[in-house]
Amino acid sequence: MSQLLFPVVAGAVCWELLYGACGFALRRLAATPGVVLSDPGASKEKLARLGASYVVALVHALLVGLRGVWHVYALLDAPIGAKLAIPDASSPWHSAAAATETTNVLFLSWLLYDLAHVLLSFPALGAADTVAHHAGFICASAICGAHRILPFAFGWLIVGELSSPLLNVRWLLIQSGRGASPLLQRVNVGFALAFVAFRVALGAAGMAHLAVHRAALSVLDGVVPSALLALVLVVFLPAGYSLNLVWLSKIAKMARGTDAKKKK
């Protein structure tokens, strides 16, 4: 665990610096005539106060999501042992599996940075479900990172972040007064499709892969305490997937415009 501490703290500081820069830029933009249109849903104050969190989240999602695609591709043909635990340097699969550690640091450091902002501004940036999501994945990320396990599972899991950029774009469109534009509806539909593809379908395939190879998990005996492994596989992953299904019902309504109709 100690080997994770410094890079994760350094990463969280970098995310915070990016947040400060984005906040400065958005405050200037929000005060610029023509940037925020006249619309009942627009809010210069919210854009200036909370917008930086959404921009940083967008950058994070693109960065780790694309790295996740790379990890899945690089490890797709790896033997099951290299998919379950990062092999030593003598293995031809070492580099591909070890590359997930950098992405894990980026992910874990962002979760810690973002959780702090969610709690400080609660519930403006997220409610209890967001706190639960972040807390659960902080634990899972720390366990897997400290014991260097499940690099392939981390790869397909982090690809799910590619559904998030359109959600952040949606918020920025609404706060800038473009909530009634045709673009917003296209973003809603695109986000819903990305969520189904990257979080629901890929997540189900990933967990099915783990279930099929559950006997091979014996290679992790002695690598990670069985209680911690069970916590990741039996608690955090299923709970995270269940939360995605709960969110999916809300996203479907958003894509159909149901929420907008209720507000009107």
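Sequential numbering from 1 along the given sequence is applied to the chain's residues. The shown structure was predicted, so the numbers you read here are calculated from the model rather than taken from an experiment.
- Counting only distance, with no hydrogens or angles, the side chain of Thr32 and the backbone of Val35 share no donor-acceptor pair below 3.5 Å.
- Note on Val131 and Trp15: same hydrophobic cluster, where clusters join Ile, Leu, Val, Met, Phe, Trp and Tyr whose side-chain heavy atoms are under 4.5 Å apart, directly or indirectly.
- Cluster membership check: Leu29 does not share its hydrophobic cluster with Leu37, using side-chain heavy-atom separations under 4.5 Å among Ile, Leu, Val, Met, Phe, Trp and Tyr.
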Begin with the C-alpha distance, continue with both residues' side-chain angles, and end with the deciding distance and a verdict on side chain to side chain contact (heavy atoms under 4.5 Å, CB included) for Gln185 and Asn188.
CA-CA 5 Å; Gln185 184 57 29; Asn188 284 344; 3.7 Å; yes

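- Minimum interatomic distance between Pro87 and His94 (heavy atoms only, all atoms of both residues): O-ND1, 2.8 Å.
- Other residues, nucleotides and ligands place more than 12 heavy atoms under 6.0 Å from the CZ atom of Phe122.
- When every heavy atom of Trp156 is checked against every heavy atom of Leu202, the shortest pair comes out as O-CD2, 3.6 Å.
- Remark: side-chain polar atoms of Lys83 are paired, donor with acceptor, to backbone N or O of Leu76 under 3.5 angstrom.
- Applying the side chain to side chain donor-acceptor pair (under 3.5 Å) test to pairs two or more places apart or on separate chains, those with a residue in residues 120-131 are Asp129-Trp247.
- Sorted by first then second residue, the salt bridge (Lys or Arg N to Asp or Glu O under 4.0 Å) pairs that include residues 193-219, not counting sequence neighbours, are Glu161-Arg199.
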Could you list the donor-acceptor pairs under 3.5 angstrom formed between side-chain atoms of residues 52-69 and any protein atom two or more places apart in sequence or on another chain?
residue: Tyr54; atom: OH; partner: Trp171; partner atom: NE1; Å: 3.4
residue: Arg67; atom: NE; partner: Thr103; partner atom: OG1; Å: 2.6
residue: Arg67; atom: NH2; partner: Ala99; partner atom: O; Å: 3.3
residue: Arg67; atom: NH2; partner: Thr103; partner atom: OG1; Å: 3.3

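- A chain of hydrophobic side-chain contacts below 4.5 Å, direct or via other Ile, Leu, Val, Met, Phe, Trp or Tyr residues, connects Leu184 to Ile251.
- Listed here is the closest heavy atom pair of Val8 and Val105: N-CG1, 4.2 Å.
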Stepwise side chain to side chain contact (heavy atoms under 4.5 Å, CB included) test for Val187 and Leu167:
CA-CA 8 Å; Val187 167; Leu167 178 63; over 6 Å; no

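- Not a single donor-acceptor pair under 3.5 Å links the side chain of Ser91 to the backbone N or O of Asp88.
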Please output the side-chain donor-acceptor pairs of residues 136-152 that fall under 3.5 Å, not counting sequence neighbours, one pair per line with the distance.
residue: Ser141; atom: OG; partner: Asn104; partner atom: OD1; Å: 2.4
residue: His147; atom: ND1; partner: Val223; partner atom: O; Å: 3.3
residue: Arg148; atom: NE; partner: Glu101; partner atom: OE2; Å: 2.9
residue: Arg148; atom: NH2; partner: Glu101; partner atom: OE1; Å: 3.0

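- Heavy-atom minimum distance, Ile80 versus Ala216: CG1-CB, 3.9 Å.
- Shortest non-hydrogen contact noted between Arg178 and Gly34 is NH2-O, 3.8 Å.
- To the nearest 0.5 angstrom, Leu245 atom CG is 5.0 Å from Tyr241 atom OH.
- Contact check for Glu16 versus His117: side-chain heavy atoms found under the 4.5 Å cut-off.
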Steps toward side chain to side chain contact (heavy atoms under 4.5 Å, CB included) verdict (Lys253, Lys250):
CA-CA 5 Å; Lys253 292 178 182 178; Lys250 299 178 181 179; 5.8 Å; no

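- A side-chain N or O of His134 and one of Asp114 form a donor-acceptor pair less than 3.5 Å apart.
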Would you tabulate the side-chain donor-acceptor contacts of residues 226-239 under 3.5 Å, counting partners in other chains and residues two or more places apart, or write 'none'?
none

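- Hydrophobic cluster of Val189: the remaining members, joined at side-chain heavy-atom separations below 4.5 Å, are Leu193, listed by chain and number.
- Residue Ala97 comes nearest to Thr100 through the heavy atom pair O-OG1, 2.6 Å, listed as atom of the first residue, atom of the second, then distance.
- In this pair, Tyr113 and Trp110 present their aromatic rings tilted. The plane angle is within the 30 to 60° band.
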